[in-house]
J.: 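Please find one structure pasted underneath; my questions will follow.
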Amino acid sequence: MKLRLLTALLLTSSFLAPAAPAQQAGANRQRSLSDLKPRLQEIANSSGGRVGAAVELLETGESVSLDGEGRYPMQSVYKLPIAMAVLQRVEAGSLKLDEQVRVAEDEVAPPRMYSPLRDRHPKGAFEVSMRELLRTMMVESDNTACDVLLRVVGGPAKVEEYLRGVGLDNIAVATTEREQSTGPEVQYRNWATPLGMLKLLRALHEGRGVSQPGRALLLQLMTESTTGPQRLKGKLPAGTAVAHKTGTSGTDAAGLTRATNDVGIITLPDGRHLAVVVFVSESKANAAVREGVIARIARAAWDATAR
């Protein structure tokens, strides 16, 4: 399917347009997001580690953050800016979503890394479409797909060049997934601040740095994501549309987990959009606690803005 045809099919998606003024005019006044900071801190205190968070109601710009300028390892959250850089190249015509890409045997992620794509091609080298690489990277968080797309787009430096060109700072893309898997300290080279990532979500929502067809496709893939169902989505009403990207590190022998992350755009009942970024870092709490911190922050933001 051509990208422009996919866009036409997705034009009714709740992510593609802000709520109409008439929808907003008669709504009851809710408490301000800025009133949430004590609640965010209370939730963060239960994490057993560091928490950075940022929330913005995208239609109004009202926002709140917790350690908004702190640097946090992104882990697979960094696949989101990589995807945006790829789609910008598609829009420019230098890449095509339906072209076949050769994945060399030495590009296939080793067993220590997560890669459903590798598991579907156990014999080594294979060919796959650019569209499928993008889908598996964003929906399944596939590490082979990520590294191949990084290579196709020109490497981490080209992704950073793209980000700076769109006016996005405080996000660093420095390594491949394979490099990131070689030691626990390497992941800190791919970092973001909560406010930097919030700015990226705003750019995606507004269609800056990515065309309307690319934006529609990316938001659809993020909505279909199968990872982290107990994070941003965990305490929201069933059926809530959440376009998100998770990131997770391993847990070391001392029980330390350096990254449990989720970032995304939540559609509120009246059609407005809530961007939420939560990074939980350097925690010895179990997965349920860490993911619960993300879910509770998302729910607190929902309760403060939903009508």
Side-chain angles (χ1 to χ4, degrees), residues 1 3 5-24 27 30 33 36 53-64 76-77 79-81 83-84 87 134-141 194 197-247 261-278 291-292 294-307:
M1 182 185 295
L3 189 54
L5 292 178
L6 178 60
T7 304
L9 291 174
L10 293 174
L11 282 176
T12 57
S13 167
S14 57
F15 289 107
L16 295 184
Q23 289 179 288
Q24 301 176 29
Q30 302 292 313
L33 273 178
L36 270 186
V55 179
E56 181 178 343
L57 186 57
L58 292 170
E59 280 73 19
T60 67
E62 183 184 3
S63 66
V64 63
S76 286
V77 168
K79 291 168 180 166
L80 175 53
M84 291 172 69
L87 287 167
L134 193 64
R135 188 199 70 79
T136 55
M137 181 176 74
M138 294 307 297
V139 175
E140 301 179 83
S141 204
M197 186 54 61
L198 191 69
K199 192 174 178 181
L200 181 143
L201 292 174
R202 189 186 313 124
L204 176 59
H205 177 72
E206 295 172 352
R208 288 187 288 110
V210 60
S211 69
Q212 188 71 359
R215 173 178 176 270
L217 174 60
L218 184 51
L219 287 170
Q220 183 67 21
L221 294 176
M222 292 169 69
T223 304
E224 294 172 359
S225 173
T226 59
T227 62
Q230 298 306 313
R231 297 186 190 182
L232 288 183
K233 299 169 70 172
K235 293 186 179 297
L236 298 179
T240 299
V242 182
H244 68 123
K245 185 69 200 78
T246 59
N261 306 328
D262 205 359
V263 311
I265 300 174
I266 299 166
T267 299
L268 296 169
D270 64 358
R272 294 176 303 157
H273 301 87
L274 191 63
V276 182
V277 174
V278 188
E291 294 191 324
I294 298 172
R296 289 160 64 200
I297 286 176
R299 182 67 202 215
W302 170 281
D303 288 342
T305 54
R307 296 169 174 170

J.: Taking all heavy atoms of A83 and all of L218, pick out the closest pair and write down the distance.
T.: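 Closest pair (atom of A83, atom of L218, distance): CB-CD1, 3.9 Å.
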J.: Any chance you could measure R272, atom CZ, to T267, atom OG1, to the nearest 0.5 Å?
T.: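 It comes to 11.5 Å.
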J.: Quick one: pull up CD1 in I294 and CD in Q230 and give me the separation to the nearest 0.5 Å.
T.: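 Answer rounded to 0.5 Å: 11.0 Å.
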J.: Does K233 reach the side chain of I266, with side-chain heavy atoms less than 4.5 Å apart?
T.: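 Contact flag for K233/I266 side chains = no.
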J.: Look at the side chain of R202 and the backbone N and O of L58, then say whether any donor-acceptor pair between them is shorter than 3.5 Å.
T.: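 Not a single qualifying donor-acceptor pair exists.
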J.: For G264 versus L232, what's the shortest heavy-atom pair and its separation?
T.: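 Answer, listing the atom of G264 first, then L232: N-CD1, 3.6 Å.
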J.: Testing S141, S76, S225 one by one against K245 for a side chain to side chain donor-acceptor pair (under 3.5 Å), which residue passes?
T.: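 So, applying the side chain to side chain donor-acceptor pair (under 3.5 Å) to K245 and each of S141, S76, S225, only S141 qualifies.
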J.: One pair to check against side chain to side chain contact (heavy atoms under 4.5 Å, CB included): V64 and V55. What are the steps and the verdict?
T.: CA-CA 5 Å; V64 63; V55 179; 4.0 Å; yes
J.: Please report the interatomic distance CG(L274) to CD(E59), rounded to the nearest 0.5 Å.
T.: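 L274 CG to E59 CD: 9.5 Å, rounded to 0.5 Å.
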J.: Let me know which of H244, E56, H273 forms a side-chain contact (heavy atoms from CB on, under 4.5 Å) with I265.
T.: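 Single pass found, and it is H273.
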J.: Any donor and acceptor pair, going by atom type alone, linking the side chain of E62 with main-chain N or O of L33 inside 3.5 Å?
T.: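 Yes: the side chain of E62 pairs with the backbone of L33.
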J.: Would L204 and M222 count as a side chain to side chain contact (heavy atoms under 4.5 Å, CB included) if you check the C-alpha gap in whole Å, the side-chain angles of each, and the deciding distance to 0.1 Å?
T.: CA-CA 12 Å; L204 176 59; M222 292 169 69; 3.9 Å; yes
J.: Can you name the nearest heavy-atom pair linking V263 to L80, along with the distance?
T.: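 Taking every non-hydrogen atom into account, CG2-CD2, 4.3 Å.
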J.: Would you indicate whether the side-chain heavy atoms of L134 and M137 approach each other to under 4.5 Å?
T.: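 Answer yes - side chains close enough.
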J.: Would you confirm whether E140, through its side chain, and R135, through its main-chain N or O, come within 3.5 Å as a donor-acceptor pair?
T.: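 No, because the side chain of E140 does not come within donor-acceptor range (under 3.5 Å) of the backbone of R135.
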J.: Considering all heavy atoms of both residues, which atom of G234 and which atom of A295 are nearest to each other, and what is their separation?
T.: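 Minimum heavy-atom separation between G234 and A295: CA-CB, 4.2 Å.
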J.: Is a side-chain N or O of T246 found less than 3.5 angstrom from the main chain of D262, in a donor-acceptor match?
T.: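 A pair under 3.5 Å: no.
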J.: Assess whether side chain to side chain contact (heavy atoms under 4.5 Å, CB included) is satisfied between L57 and L268, documenting all intermediate values.
T.: CA-CA 10 Å; L57 186 57; L268 296 169; 3.7 Å; yes
J.: With a 4.5 Å heavy-atom cut-off, do L87 and M84 have their side chains touching?
T.: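 L87 does not reach M84 side chain to side chain.
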J.: How close do K199 and R208 get, heavy atom to heavy atom, and via which atoms?
T.: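 Closest heavy-atom pair between K199 and R208: O-NH2, 4.3 Å.
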J.: If we check side-chain contact (heavy atoms from CB on, under 4.5 Å) with M197, which of these qualifies: N261, V276, V278, V277?
T.: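 Exactly one pass, corresponding to V277.
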J.: I need the minimum non-hydrogen distance between E224 and V139, along with the two atoms involved.
T.: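 Heavy atoms only, the tightest pair is O-CG1, 3.5 Å.
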J.: Kindly determine whether M138 and Q220 satisfy side chain to side chain contact (heavy atoms under 4.5 Å, CB included), including the steps that lead there.
T.: CA-CA 10 Å; M138 294 307 297; Q220 183 67 21; over 6 Å; no
J.: Is it the case that the side chain of R299 and the backbone of K235 share a donor-acceptor pair, with hydrogens and angles ignored and the cut-off at 3.5 Å?
T.: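 Pair found, side chain donor or acceptor close to backbone of K235.
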